[in-house]
**Student:** 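Here it is, the structure in full.
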Amino acid sequence: MPNNHNYPAAHDSQKADEIWATLEEFAHSNQENAIAIDKVDKNLAIALFGNSPFLASIARRQPALALAVLSGNPSHKLEDILAGMAEARPGGEQTGDLMAFLRTQKAAVALLTAAADVAAWWTLEQVTAALSRFADAALELALAHLLHARMKAGDLAWPSGASEPVSPALSKNSGYFVLGMGKLGAYELNYSSDVDLIVLYDKTRAQYTGSRTISHCFIKITQELVQIMEQRTMHGYVFRTDLRLRPDPGATPVAISTDAAESYYHSMAVNWERSAMIKARVVAGDMEAGEDYLDTMARWVWRKNMDFVALKDIAAIKNQINRHYGQTHISFEGYDVKLGHGGIREIEFFAQVNQLLYAGRHPRLRVRGTLDALESLVTEQLIEPRIYKELLEAYRFLRTLEHRIQMVDDAQTHAIPETQDAIDRIATFMGYETATELEHTLRSHAQKVSACYDELLPDETSSSTASEYSEANLPERLKALGFDDAENAAATIEGWRRGRYRALRTERAKGLLEQILPGLLTAFSETQQPNSALMRFDKFISQLPAGIQLFSLLQSNPSLFGLMARMMGLAPALAETLSKKPELWDSVLEPDFFGPMESEEELGDYLRHMLSSAKDYQDILDIVRRFVADGRFRIGVQLLEALADVRESGEAMTRLADVSLKLLISAVEDDFAERHGRFEGGGIAVIAMGKYGGRELTNTSDLDIVFLYHVPDMNAESDGPKPLSPSQYFSRLGQHIITAITALTPEGRLFEVDTRLRPSGQQGPLVVTLKTFSDYYTQSAWTWEHMALTRARILIAPDAMRAPLEKSIREVLTAPRDIDQLLLHVHDMRLKLNEQFGTQNMWAIKNVRGGLIDMEFITQYLMLREGHHNPEIFSADLGTSIDRLANIGALSPDQASKMHAAHIFEQNVQSLLRLCLGSSQVDDTQISVGIREALCRLTKSANFEDLRQDLLSHQRGIYSLFQDMIEKPATDAINKNE
């Protein structure tokens, strides 16, 4: 345990007393210019100078600085130092003078930071940020000095057109910028650290006026910048500087153009370079040019899909480090706090690997700092709180230990010393009474880190059963697994091995497939029809543009084999979707994938956050499509796995559509307004109809929508560069919205849209005013259109329009009606639908007698019949409508119960059949054994024959109810009139 003193004890008390005596003497002899000794913290001085010869040397050379630092208020002193470095430098200052100034400031920051760290005045984050901010300021000032010299010599243009003093402002519009990488980029700089830099320049921004080349100019500036920073003088050095993280460092100059860098990263870079770019930050130079460059590179860094190939590559880097440094276990003497097993690098890799995997789908992970990344991972529920706590505590401990090790002699070392005296010094400096206590704490943290890291890494060992699946043994092995046609299955697999498909042309892809093959075939063997599942998987990979990503994902997550097999065996329509968008697999690894769909507010927040990274309008369309595709896939899998029933999936699909349309339409309006402006107080309204209005969307549903608009003044024009009249404006806007929803982009379509339920149908205008809408439904609409209006749900409407629109719909639905005419019209409409779409196929759930249409007709007829006297009965949701009709006696409790049971049962059957087989009509022969079992699970039927009988019973019951309420009374009325 740490000792009970506020500060560590002195390992070398004689040295501590010596330095304290020096400070006392200086304070007494310089009373006017020095801080009084009684205001100085002696215990802190003993802790610092009795453990660190380096800090003691600073105090001996600069006693006034030491006294100021030991008197407290470190943040104020740091800001004074940084402010002084941002001021204009004296005219005519020589490079040597600037170097001396920077080194003096570095010593001040070194002592200040050490004091704030050891005294716990600052947190770890404040310590590393202080060091990083000083590095930024030093680089800015050194660069300003060099740019000033080039501008004065006529090689570069002055930013304002006239000469200026040396200050960081000279970098503006220079096109030259410095990226801080690693710990500097993340504001995590070590106490005694290199600064990793990449130096770039944008030729289109720089104004070079010299006689040679811009490349030569910026290379020389970079070489001189490095010399200013790292050359050792009598005053020490500022920072050791490493430029080896630049693109292809063995073949490129120390400063390269942004065009060359982009070309390299997009064509030749490997995954560790992408990982390194996570922390990249503009630390000096032309900030605008640098930020534009990083924005351009963001898409290369943050892939939209999970990258398990990157995971394996980064794991290989870590393994290489372990081999190079001989770190094979957690030792103590000589243990490398940074690179050892369970060390800082493993925590950093843990954060970065997860960022590379998930940040494309979770923008909140696009942060530079290690602790920020870990916090985002736990907030997004991508890691367990326990893991977050263990890694957080370990990181703070290990970084603090690293700083103490480096404070001793300002040495770039990360290792526990190997001599006992040196080990004891570090233990004392850390506040421990014995080295054994330090060792125990270190081992505890390192073991936890190593365990977390090892869980993340993929198993690179090949399957021990690989020989069983060799070409010679494969047919027998497949036969043993239960494949009916083992010879054909084996031939298919050998085709994969020979690279039959594009996705299997590379050796890496074939190697990954070889690793997953045993698990995959075992999973296929557990389906009802292994050969069919294998053939669908064959078709699936035949359509893949590439295989490495998918095979890497499966190899890293064997738990997905079973789900893959069930999808191939049961849901060819879903498998077809996956073959076109294999990245949908990524969503299965999300922590909430198998849980209920989030609320509309939560989904909206997530999509808004995703859209915040959109570069342009096209990007918005693609992001929304990916969001909906992920959600639709998630809902489909939950339905297939019987984790959600049709009510839950319909509600979830509708919520997904609502969120996406609201945000997409807002984006379309913004884009449209750039050209045509807006109408103050006006806007477009969208009404959801049909299944969409009733929150019953399935995996294949179209969106039935109706557009209306409102403007306060119909004679006004929009206020944009290209003004339009209201009718022109909203007609075009409505068409833009439909295009945004239905356009085929690289991410596919969002939804199909049906607008035929608008006033006057296909013959009417796409977008109408509220008055036109009300007049049509009051004076011209057919009964079937009033029936359709019972499922209307306002999705979007301007504030001034919502209440009047709700009132208009309510007045249409609750208007007094000729009950006899209503009955005849409903009956006639059902006859026409039956003539056009009627079927005896019990699996045609929508159109078969006793199916969903009959249920909707019964409910809508009763609502229109009873609505004048009972306006409260109307609801777009069919289940709610049934309950309300029962409440007023329009349906008996028994009838309502039968309606509910049939509605849920038939919708469950329809939804699963459409998910598995698409929208096509099916019969018994097309429903495989696996699908039959899935239907039984979803409907809670004992077996398929029971399910058939229950379905027939529900359909007979509903048709009987339809006959009693509509068909027979209408037929009697017709016969009576004749």
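Positions are given from 1 along the sequence. Atom set for the values below is all heavy atoms of this structure, side chains included, hydrogens, waters and symmetry mates excluded.
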**Student:** Would you give the length of the straight line joining atom NE2 of H445 to atom OH of Y395, rounded to the nearest 0.5 angstrom?
**Tutor:** 14.5 Å

**Student:** Check the pair R625 / D622 against salt bridge (Lys or Arg N to Asp or Glu O under 4.0 Å), numbers first and verdict last.
**Tutor:** CA-CA 5 Å; R625 279 158 170 74; D622 286 338; 5.3 Å; no

**Student:** Which value, rounded to the nearest 0.5 Å, describes the distance between D194 atom CG and L184 atom CG?
**Tutor:** 11.0 Å

**Student:** Would you say that Q355 contacts V367 through its side chain, given a criterion of any heavy-atom pair below 4.5 Å between the two side chains?
**Tutor:** yes

**Student:** How far does CG of L639 sit from CZ of R914, to the nearest 0.5 angstrom?
**Tutor:** 12.5 Å

**Student:** So which atom in A657 and which in F751 form the shortest heavy-atom distance, rounded to 0.1 Å?
**Tutor:** CB-CZ, 3.7 Å

**Student:** How close do M597 and A652 get, heavy atom to heavy atom, and via which atoms?
**Tutor:** CB-CB, 3.7 Å

**Student:** Shortest non-hydrogen contact from A351 to A373?
**Tutor:** CB-CB, 4.0 Å

**Student:** Are E651 and R695 close enough, and set up right, to give a salt bridge (Lys or Arg N to Asp or Glu O under 4.0 Å), and what steps lead you there?
**Tutor:** CA-CA 5 Å; E651 172 65 33; R695 299 184 179 277; 3.6 Å; yes

**Student:** Against V178, only a single residue in L197, L200, V282 fulfils side chain to side chain contact (heavy atoms under 4.5 Å, CB included); can you say which?
**Tutor:** L197

**Student:** To check you understand the geometry: which heavy-atom pair defines the closest contact between S660 and L607, and what is its length?
**Tutor:** CA-CD2, 3.9 Å

**Student:** More than 12 heavy atoms of other residues, nucleotides or ligands under 6.0 Å from CZ of R244: is that the case?
**Tutor:** no

**Student:** Check the orientation of Y358 and H362. Use parallel for under 30°, tilted for 30 to 60°, and perpendicular for over 60°.
**Tutor:** perpendicular

**Student:** So, the side chain of R937 versus the backbone of E641: is there a donor-acceptor pair under 3.5 Å, distance only?
**Tutor:** no

**Student:** So, for L189 and A135, which heavy atoms are closest and what is the spacing to 0.1 Å?
**Tutor:** CD2-CB, 3.9 Å

**Student:** Do K183 and T370 meet the criterion of a side-chain donor-acceptor pair at a distance under 3.5 Å?
**Tutor:** no

**Student:** Using a cut-off of 6.0 Å, state whether more than 12 heavy atoms not belonging to Q381 lie near its atom CD.
**Tutor:** no

**Student:** Checking the side chain of R366 only, and the main-chain atoms of A298 only, is there a donor and an acceptor separated by less than 3.5 Å?
**Tutor:** no

**Student:** Considering only residues two or more places apart or on different chains, which pairs with a residue in residues 370-382 satisfy salt bridge (Lys or Arg N to Asp or Glu O under 4.0 Å)?
**Tutor:** R364-E380

**Student:** For Q406, give me all partners under side-chain contact (heavy atoms from CB on, under 4.5 Å), at least two apart in sequence or on another chain.
**Tutor:** N190, Y191, S192, E402, H403, H414

**Student:** Show your working on side-chain contact (heavy atoms from CB on, under 4.5 Å) between V668 and I741 and close with a plain yes or no.
**Tutor:** CA-CA 10 Å; V668 175; I741 298 171; over 6 Å; no

**Student:** Could you verify whether a donor N or O on one side chain and an acceptor N or O on the other, from R443 and Y335, lie under 3.5 Å apart?
**Tutor:** no

**Student:** Quickly, which of R368, K279, Q126, R281 forms a side chain to side chain donor-acceptor pair (under 3.5 Å) with Y187? Name it, please.
**Tutor:** R281

**Student:** Going by heavy atoms in the side chains, are M430 and T400 under 4.5 Å from each other?
**Tutor:** yes

**Student:** Where do G595 and R634 come nearest, in terms of heavy atoms and distance?
**Tutor:** O-NH2, 3.0 Å

**Student:** Given 3.5 Å as the limit, does a donor-acceptor pair link the side chain of R274 with the main chain of V301, or not?
**Tutor:** yes

**Student:** If the plane angle is over 60° it's perpendicular, under 30° parallel, otherwise tilted; pick one for W300 and H266.
**Tutor:** perpendicular

**Student:** Evaluate the side-chain contact (heavy atoms from CB on, under 4.5 Å) criterion for residues R386 and K389: first the C-alpha distance (whole Å), next the side-chain angles of each, then the deciding distance (0.1 Å), finally the verdict.
**Tutor:** CA-CA 5 Å; R386 172 190 61 81; K389 182 174 183 292; 5.8 Å; no

**Student:** Under the criterion side-chain contact (heavy atoms from CB on, under 4.5 Å), I'd like the reasoning laid out for L382 against L365: C-alpha separation, chi angles, the key distance, then a yes or no.
**Tutor:** CA-CA 10 Å; L382 296 168; L365 294 180; 3.7 Å; yes

**Student:** If you count heavy atoms of other groups shown closer than 6.0 angstrom to NZ of K615, is the number above 12?
**Tutor:** yes

**Student:** With rounding to the nearest 0.5 Å, note down the distance linking CG in L520 to CZ in F551.
**Tutor:** 9.0 Å

**Student:** Atom CG of L643 and atom OG of S649: how far apart are they, to the nearest 0.5 Å?
**Tutor:** 11.5 Å

**Student:** Tell me if a side-chain donor or acceptor on S666 pairs with a main-chain N or O of L663 at a distance below 3.5 Å.
**Tutor:** no

**Student:** Rounded to the nearest 0.5 Å, how far apart are CD of Q352 and CD1 of I347?
**Tutor:** 12.0 Å

**Student:** Evaluate the side-chain contact (heavy atoms from CB on, under 4.5 Å) criterion for residues L661 and L703: first the C-alpha distance (whole Å), next the side-chain angles of each, then the deciding distance (0.1 Å), finally the verdict.
**Tutor:** CA-CA 10 Å; L661 258 60; L703 299 186; 3.9 Å; yes

**Student:** Examine the side chains of T522 and S525 and answer whether a donor and an acceptor come within less than 3.5 Å of each other.
**Tutor:** no

